[in-house]
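A note on names: the letters A, B, ... follow the listed sequences, proteins ahead of strands, and every chain is numbered from 1.
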Amino acid sequence: MGVRFKEHSGLHLPKVQAEIQESWAQEQTFQKSLNKTRGDFTFFEGPPSANGMPGIHHVMARAIKDAVCRYKTMQGFRVLRKAGWDTHGLPVELQVEKELNLTKEDIGKTISIEDYNAACRKAVMRFTGEWQKLTDAMGYWVDMQDPYITYDPKYMESVWWILQQFYKKGLLYKGYTIQPYSPAAGTGLSSHELNQPGAYRNVKDTTLVAQFKLMPGQSIDGMETGESDFCLAWTTTPWTLPSNTALAVGPNIQYVLVETQNPYTREAIRVWLAEERLANYFAAEMENQEPAVDQKKPAWKRIGQAKGSALAGLRYEPLFNYARPEQGDAYRVIPGDFVTTADGTGMVHIAPSFGSDDFKVAAQHGIGSLTLVDEQGRFTPEVTDFAGEYVKESYVPTDLKKDGYESVDVRIAVLLKQRNRAFKIEKYEHSYPHCWRTDKPILYFPLDSWFVRTTALKSRLLDLNKSIRWKPESTGTGRFGNWLENLIDWNLSRSRFWGIPLPIWRSDDGSEEICIGSVEELSQEIERSMQAGWMTENPYALHNGKVDYSKIDLHRPVVDQIVLVSPSGKPMRRESDLIDVWFDSGSMPFAQWHYPFENKEKIDSGQAFPADFIAEGVDQTRGWFFTLHVIAAGIMDSVAYKTVISNGLVQDKNGMKMSKRLGNAVDPFQAIEQHGADALRWYMLTNASPWDDLKFNPASLDEGARRFFSTLHNTYSFLALYSNVDGLSPRLPHLPEQPSEFDRWMLSRLGSLHRDVTAAYEDFDLTQAGRLLQAFTDTDLSNWYVRLSRRRFWKEADDQDKQSAFYTLHYTLCYVSLMMAPVAPFYSDRLYRDLTGSSSSVHLANWPQELSRFLNPDLEYAMELAQTTCSLILSIRKSEKIRVRQPLQRVLIPVLDQRQSAALDRVSDIIKAEVNVKSLELHSQPGDWMVLKAKADFKKLGPRFGKDMKEVALAVENLSQADIQKLNSSGRCNLTVSDGRTIELLREDLEIRSQDVPGWQVATNGPLTVALDLQLSPELLAEGTARDLVNRIQNLRKDSGLDVGDRIRLAIYGSEHVQHAVQANNHYICTEVLALTLTTGPENEAVSATEVELEGDLRAFIYLEKTV
RNA sequence: AGUCCCGUAGCUCAGGUGGUUAGAGCGCUACACUGAUAAUGUAGAGGUCCCCAGUUCAAGUCUGGGCGGGACUACCA
């Protein structure tokens, strides 16, 4: 006797997991899996930030990555998986500041930048242990021994090189953007800082509707502008009015020209504003009244109207004459899509320097800007009336604030009022962002920043995007595609400390600059600078002509102290900003390999670039997915990835976002410990498409995923039990030599499954792959093949049929273990090893071969019919309350066509056994006992009859039996519709099904009808009783502790019916219960026998003893 | 505010190119099986396919407009 199949008492996934983890560690399975030779499948791991704990959503993204990579490994590819850490950025800085109880102002004062950076470096890797733990626990294979780390000098050097490439191509420039800016703190703020709680507060400001005077004599849709025509525009920031250079209108908004008076000066004026806003500025009762000086509310009259698009192009007089923009054609009305009629006048005052929409729309229309406010938040000297005044009252130092101080907003309003340029002045409460450090309101302010000219790459980016396979597609065309369509230049500058410094040095006048692309280059420049006398030592000095990466630090403040020399001999200092951390992570395809300083061939040859596949959450669309895309396009004119899966969020079971605050966050460690990583992964990938949001419900995880594993486990246990009885050993999958019809069906289904699952994996559709496997295991394998084949496994004879059943089941389970391996790495490995006796992991095995030669659609169709037929018969038995143990004589099935007939014939034995019926009769010739029913095939007839379809359908339903039979035999028939027309129908235009079978119990499902003969002859009744008896005897055997193989002597006592049943079925009973002798007699002869109840108010006395 | 995703049974989800009985699993109810037994199977109940309009002979499916949930980006007179 050979090796036995392992029998496990129960299924405990976490335990399986622990054992398999152990094997992987001992056998170095992951390392071995990298020895595949079919070629490289390139995968990029997005770097998580290790300064926070991993959450359940990380399991999601990583399950996807892992499953795809494992699948490709089984396909024979080498899949390198280099882990990475994102180490820079504001969250790290904030965390350190919080822990050390510092503010930004302390940096460089109470704490040196060196110490600060050291603290960041330490903080950022704090949770690497937890991440390692999660990685192991969830079975994610990624190489964490040799990760890329964004603060590593080699990594930073590659990033510098990339920046230099952009610089050389003219794609890096210094320019303005409008950014949130805190004059009190003297620094720009990131959107992140603006989104901190409490940043937006309600404040009351003086607002004003200003009158912009149109130049007379311009044409609007044929009307001519008059001597005192104005546009009305509302502002909550009157201090921006001196810097106004344009007015924006909504191109599709309807505007009206109103004749009225200025409420303050009573001068007659005509004003333009949006029709929808009229009611906010004019009293309904004063419309068309005669104007009079003493009116409280001015009279008004509509005298013209125009679309915004018609107003565009009009020129107006500047409100103030402090300054005019040097460039561009200012003081025009321009169209802006962002203009709404939700508030104000439907016309928007544009000060390009103080609003990002303003800036954008002005740039689009070639309008210059004015910045009449300085970085302290004060008016510049040009603004003669207010020179040096703070534009916001909150900026005014308390000691400078005299009694009776009026804000500049108020004074501007008063000034305009006097000049007939203010239409309405009022206080208005609204929410306005504040600086979280100074508590003062922020301004939107143009700041110097370095940009990547992504707009220059736009069309190429769009083109390249078309070749990327997005899962789901809509994210690529929608969210990502739209983002690319509306691309603006990428602002790289961040005024921070912990990040990659911009490698750009400039002379003080900005006339000369250099962008450094390597440490070596920087070192050489420093040497030159030392010769010129600007530097005394070189912190990046080369050793033997080489960079010693272990000794250098490219962070601030080291690089800040470096002064280079320009070609003309001037000192050049570093631009003080750091670069956006997104640039760090987008650089990883190159920087992870220290390209081009090392591993040049790896990337140039296409081996390590671009990625065949990446996956992250959908929140990375404008993050990592975008930065990878831009940098790859800029550097290599290539995509960075060929396929990308962007998964949705993991929400709680009620669809709410998980958060620590709400306490609904699921701890991934606990989830894995409780359910096992396999169940968790299976649930996450099969419950919903990964790109839909997942409502994480631990209850359905348990019910759903565990069900699959336990079905599989039970199926394996069944195989193990009987194989061990027969002394069969684990082995590699082996096809049966003479498969039965049933085996061939199983193998055909397996072949179909293999085809479909492989296609799903190839399409990166893990959900579909998992669902197919799950449905197959439950429905086809366990519920049909195993259940109906049980007898073949336990029968005694050691014959071909038994062996075929064993091989078929074994083969099928092996395939399932292989095909499920990418998604459920632990259990599949246990199953695979148990089945095959292999000491090598399933993950080193090759993807199973296709089984196309077994595909047999006819057989699969036949079996489907069998299943439906059984279901129908059981449903009749159920409604008629006839137990399955009671045999019935026959079932009748009217067959409609040759295919159905042949198929049913093929599976009739299976049906008979399953539903306990003696014979199955197929009738192809319709007889009196069968009522046919015709139904129109809408798909075929719809296009032909169009409107008359309803009528035709009705006529078809009313066809007589004779008509239908005629149609059936001749293949055509005529039909008369209500308007007298006659139409000809062909056999295939209709669906014919049989309906009632008079005198029989019938059930119908689609084209299948079964009729069951319920008559019970004495023989059938006796056999029913015999079956009951067998059942009771088996129970007794078990109760008396007999082994399944023990032989018995048996006696049964009971009524005449019982005695008759025993005599008539003597052989059957003996075979079933392994009785060597069977005697029967009346009840009064029963000695030390057990009484049992039988169906039909019968009872019997059973005596059995084991033979020796 | 813009862009994108989602809305089908109590729950979780399927439902190419429009076609007439809208499906599955879980749960529930009832039952069967008892040599897979802490396993297995069957049946039944359960639906305003989010709402409204349109296109069409025909709409869960296509179009438009809403509503609700979620995400990302932005934050404005």
Side-chain angles (χ1 to χ4, degrees), chain A residues 10 180 191 194 200 207 209 233-237 240 248 337-340 342-351 355-358 431 433 444 472 474-475 477-483 486 617-623 648-649 651 653-657 683 686-689 691-695 697 699-700 703-704 707 710-711 714-715 717-719 721-722 767 771 774-775 778-779 782-783 786-787 790-791 793-794 870-871 874-875 877-879 881 883-885 935-953 1005-1006 1031 1034-1035 1037-1038 1044-1045 1072:
Chain A
S191 59
L194 231 49
Y200 279 83
T207 70
V209 175
W234 181 56
T235 179
T236 55
T237 51
T240 59
D337 290 332
F338 59 91
V339 178
T340 67
D343 47 25
T345 61
M347 294 187 159
V348 180
H349 133 68
I350 298 294
S356 61
D357 274 344
D358 303 41
S431 119
Y444 287 88
S474 61
T475 300
T477 53
R479 190 181 285 196
F480 195 69
N482 290 340
W483 167 253
N486 299 314
V618 68
D619 52 333
Q620 292 298 332
T621 307
R622 284 144 183 196
L649 288 210
Q651 303 166 333
K653 62 180 174 183
N654 300 316
M656 301 302 284
K657 193 178 176 174
Y683 168 72
T686 60
N687 192 60
S689 285
W691 36 88
D692 287 338
D693 293 341
L694 174 69
K695 287 181 197 158
N697 186 348
S700 30
E703 289 157 14
R707 182 185 154 77
S710 91
T711 302
N714 284 324
T715 305
S717 302
F718 176 85
L719 176 81
L721 177 67
Y722 291 106
T767 306
R771 282 176 174 173
Q774 194 164 327
D778 189 53
T779 309
S782 170
N783 175 19
V786 172
R787 194 164 57 83
R790 268 139 73 221
R791 198 164 273 268
F793 284 89
W794 76 61
C870 290
S871 182
L874 288 168
S875 129
R877 276 184 173 276
K878 157 91 179 158
S879 61
K881 294 187 170 35
R883 65 194 194 281
V884 182
R885 251 191 248 115
K935 218 184 92 186
D937 185 335
F938 282 77
K939 208 166 182 171
K940 282 212 181 77
L941 295 178
R944 199 166 132 200
F945 294 107
K947 256 194 265 315
D948 301 326
M949 188 58 218
K950 276 195 181 108
E951 214 178 321
V952 173
N1005 183 334
N1031 165 244
Q1034 299 288 26
N1035 287 345
R1037 281 184 60 119
K1038 215 187 310 184
V1044 282
E1072 285 298 307

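For the pair A:D937 CG and B:U20 C1', the computed distance is 11 Å after rounding to whole Å. Rounded to whole angstrom, the span from the NZ atom of A:K939 across to the C1' atom of B:C57 amounts to 16 Å. Rounded to an integer number of Å, the gap from A:L874 CG to B:U42 P is 8 Å. Counting to the nearest Å, the C1' atom of B:G41 and the CG atom of A:N783 are 7 Å from each other. Taking atom OH of A:Y683 as the reference point, atom C1' of B:G25 lies 13 Å away to the nearest angstrom. One atom, CZ of A:F793, and another, P of B:U40, lie 17 Å apart when rounded to the nearest Å. Atom CD in A:Q1034 sits roughly 13 Å away from atom C1' in B:C33 (whole-Å rounding). One interatomic measurement links the two molecules: CG of A:L694 to P of B:A71, which rounds to 14 Å at whole-angstrom precision.
Picking from B:G41, B:C75, B:C13 the nucleotide with the shortest atom distance to the side chain of A:R771 gives B:C13. The nucleotide whose nearest atom lies closest to any side-chain atom of A:Y444 is, among B:U42, B:U20, B:C76, B:C76. Comparing B:C75, B:U17, B:G35 against the side chain of A:R1037 picks out B:G35 as the nearest. Listed candidates were B:A71, B:U20, B:U34. Nearest to the side chain of A:N1031 is B:U34. Comparing B:U20, B:U73, B:A32 by their nearest atom to the side chain of A:W483 picks out B:U73. Checking B:G19, B:A43, B:U42 against the side-chain heavy atoms of A:S871 singles out B:A43 as nearest. Each of B:A36, B:U42, B:U17 was ranked by its minimum atom distance to the side chain of A:T715; first place goes to B:A36.
The partner of B:U20 is absent, by the rule that a Watson-Crick or G-U pair needs both atom distances under 3.5 Å. In this structure B:G25 sits in a base pair with B:C11, meeting the Watson-Crick or G-U test at under 3.5 Å. Nucleotide B:U61 forms no Watson-Crick or G-U wobble pair with any nucleotide shown, as no partner meets the under 3.5 Å limit on both distances. The partner of B:U3, taking Watson-Crick or G-U wobble pairs whose two distances both stay under 3.5 Å, is B:A71. Look at B:A32: its Watson-Crick or wobble partner, with both distances under 3.5 angstrom, is B:U40.
Heavy-atom minimum distance, A:A936 versus A:A953: CB-CA, 4.2 Å. Taking each heavy atom of A:T686 and A:Q774 in turn, the nearest pair found is OG1-OE1, 4.0 Å. Between A:F938 and A:M949 the shortest heavy-atom distance is CD2-CE, 3.6 Å. Annotation for A:V618 and A:G648: closest pair CG1-CA, 4.5 Å, computed over non-hydrogen atoms. Considering all non-hydrogen atoms of both residues, A:A351 and A:D358 come closest at N-OD2, 3.0 Å.
Within the nucleic acid shown, A:R790 comes within 4.0 Å of at least one base atom, counting heavy atoms only. A:T236 comes within contact range of the sugar-phosphate backbone alone, with a heavy-atom separation under 4.0 Å but no base atom that close. Residue A:D358 is out of contact with every strand shown, counting any heavy-atom pair closer than 4.0 Å. In this structure, A:T345 reaches neither bases nor backbone, as no heavy-atom distance under 4.0 Å exists between it and the strands shown.
The distance from atom OG1 of A:T715 to atom CZ of A:R787, rounded to the nearest 0.5 Å, is 12.0 Å.
For the pair A:F793 and A:V786, the minimum side-chain heavy-atom distance is 4.5 Å or more.
When the P atom is used for both B:G27 and B:G69, the distance is 31 Å, rounded to whole Å. Using P as the reference atom, B:G10 and B:C49 are 12 Å apart when rounded to the nearest Å. When the C1' atom is used for both B:G2 and B:A9, the distance is 36 Å, rounded to whole Å. One C1' atom belongs to B:A71, the other to B:G65, and the distance between them is 23 Å to the nearest Å. Taking the C1' atoms as reference points, B:C13 lies 28 Å from B:C31, given to the whole Å. Between B:C76 and B:G68, the two P atoms lie 25 Å apart (nearest whole Å). Taking atom P in both B:U56 and B:C51, one finds a spacing of 23 Å when rounded to whole Å. Separation of the P atoms belonging to B:C26 and B:G19 is 28 Å when rounded to the nearest angstrom.
Nearest-nucleotide positions on RNA chain B place A:F718 closer to the 5' end than the other of A:F718 and A:T711. Along RNA chain B, the nucleotide closest to A:N714 and the one closest to A:T475 are compared, and the more 5′ of them pairs with A:T475.
The shortest distance between the side-chain N/O atoms of A:N687 and the OP1/OP2 oxygens of B:U12 is not below 4.0 Å. Between B:U12 and A:K695, a contact under 4.0 Å exists linking OP1 or OP2 to a side-chain N or O. For B:G35, the OP1/OP2 oxygens have no side-chain nitrogen or oxygen of A:Y722 closer than 4.0 Å. Close to B:A32, at under 4.0 Å from its OP1 or OP2, lies no side-chain N or O of A:R885.
A side-chain donor-acceptor contact under 3.5 Å links A:Q1034 to the backbone of A:E1072.
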